[in-house]
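First the proteins, then the strands, lettered A, B, ... as listed; each starts at 1.
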Protein chains: 2
Amino acid sequence: MDKKEQILASALKLFVEFGFHGTPTSKIAKEAGVSNGTLFHYFATKEDLIKELYITIKNDLNQFLFSKITPEDSVEAIIKKVFIYFIYWALDNREKNHYIQQVLFSPHIFQISESVLMEQSQKHIQLIEEAKATKIIKDLPTDLIYTLANSHLMGIYNYVVNLPPDQQKPIIENGFEMLWDMLTEQK
Amino acid sequence: MDKKEQILASALKLFVEFGFHGTPTSKIAKEAGVSNGTLFHYFATKEDLIKELYITIKNDLNQFLFSKITPEDSVEAIIKKVFIYFIYWALDNREKNHYIQQVLFSPHIFQISESVLMEQSQKHIQLIEEAKATKIIKDLPTDLIYTLANSHLMGIYNYVVNLPPDQQKPIIENGFEMLWDMLTEQK
DNA sequence: TACTAGATTGACTAATCACTCTACAAAGGT
DNA sequence: ACCTTTGTAGAGTGATTAGTCAATCTAGTA
């Protein structure tokens, strides 16, 4: 692992444990096994480090999610895969998931440009549009569906994260069904 | 408004805007119109201020929610009221709502004692237990229902917060129906 | 009036932190 | 072999900050 990655990994660990304020750049450098100067060689400011870490994690997540899709998958199958694999990713990468939330509810999120944020949600939005177009899911505003799906996902995650691994699967599967029913059932 | 309240109000405003790190105690004192020393007369440490602000807001919210309930309300009516009024509270108190989330995804949450946190969710948990006992809602684990309801609530809030006020009501009402269907519908 | 206890002030301090700077090493191109 | 670029180190610095402290003020009570 090269130094830059090492710095990002250390920053992730420390930010999640001690928060942005509670983590001096000096401690990040020490944990990463590099000098103070090296950290600032790769990241001009601490803020840049916080931002780049966020973007890196989000990109990794998206790449992982969409790598699970095969061309023959139906829209419904894709949505289910994105749902299920997000949970498994979050369970395997708890710190990363926590970090994303941490940034989301901090002023640092405003430092990340609108276009970068939109780029990251674009594929998900597109997926919802497709599902709406083919009448699989209800005709609610796309943003509303996106927000509700995200929230539901976090809800399921927050519950299963405290469960022993052998009890997680049924809840996750059922969790998807709940969301799917919510988005498809007709009154 | 006495000085202590003034300090809490200023801290809320600044923490939400600039984050915990970005807000020195000196700025809080200045914004509150009190001296540096006065702040530390009321709050031994900055951490104490962060904690107390969280607890105060949460208590205010709970008091507000349960003040809307009348003795003749059915369990279903109570749940609906708690849902609907939470959204309206959050819309009227955006900074407070944001602050709660901010603390929730920060290391400061671990500084708040388990018993205080449990006390605050107790009434909500109890409500779910009642609904389950009277077979109104599905027999899922209470914690799961609690988590899902919370997430759904935040999802709806996140969507309506960007809507013009006159378009909010139908979404909120419909949002409750979605959750209710999810928790009651039989397969 | 005199006493007391809490409220309030703001200058002060010791520590910390983000970031700089200089020096040197390694790598790579020509 | 020479030069340029990039990587790495770590001591140093100026600014900032949480928290202290001694002094003053205020209001209640006897």
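Ring geometry for A/Phe20 against A/Phe15 counts as tilted: the plane angle lies between 30° and 60°, on a 0 to 90° scale.
In terms of the side chain to side chain donor-acceptor pair (under 3.5 Å) criterion, A/Thr134 has no residue partners (sequence neighbours excluded). Partners of B/Tyr54 according to the ring pair (Phe, Tyr, Trp, His ring centres under 6.0 Å) rule, which considers only residues two or more places apart in sequence or in another chain, do not exist here. For the side chain to side chain donor-acceptor pair (under 3.5 Å) test, residues two or more places apart in sequence or in another chain that qualify with B/His21 are A/His21. For B/His152, the ring pair (Phe, Tyr, Trp, His ring centres under 6.0 Å) criterion is met by no residue, not counting sequence neighbours.
For DNA chain C, the contact window with chain A, defined by any atom under 4.0 Å from a protein heavy atom, covers C/dC17 to C/dT20 in 5' to 3' order.
Contact annotation for B/Tyr42: backbone-only contact, meaning every heavy-atom pair under 4.0 Å involves sugar-phosphate atoms and none involves a base.
Of the listed residues (A/Lys123, A/Gln122, A/His124), just one forms a side chain to side chain donor-acceptor pair (under 3.5 Å) with A/Asn62, and that residue is A/His124.
Listed pair A/His41 / D/dT8 fails the phosphate criterion, with no side-chain N or O lying under 4.0 Å from OP1 or OP2.
Under the 3.5 Å distance criterion, the side-chain polar atoms of A/Lys132 are matched with a main-chain donor or acceptor of A/Leu140.
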Contact pattern, 5' to 3', of nucleotides 9-20 of chain D - B, S or - by protein heavy atom under 4.0 Å: BB------SSBB
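A side-chain donor from one of A/Thr70 and A/Asp73 sits under 3.5 Å from a side-chain acceptor of the other.
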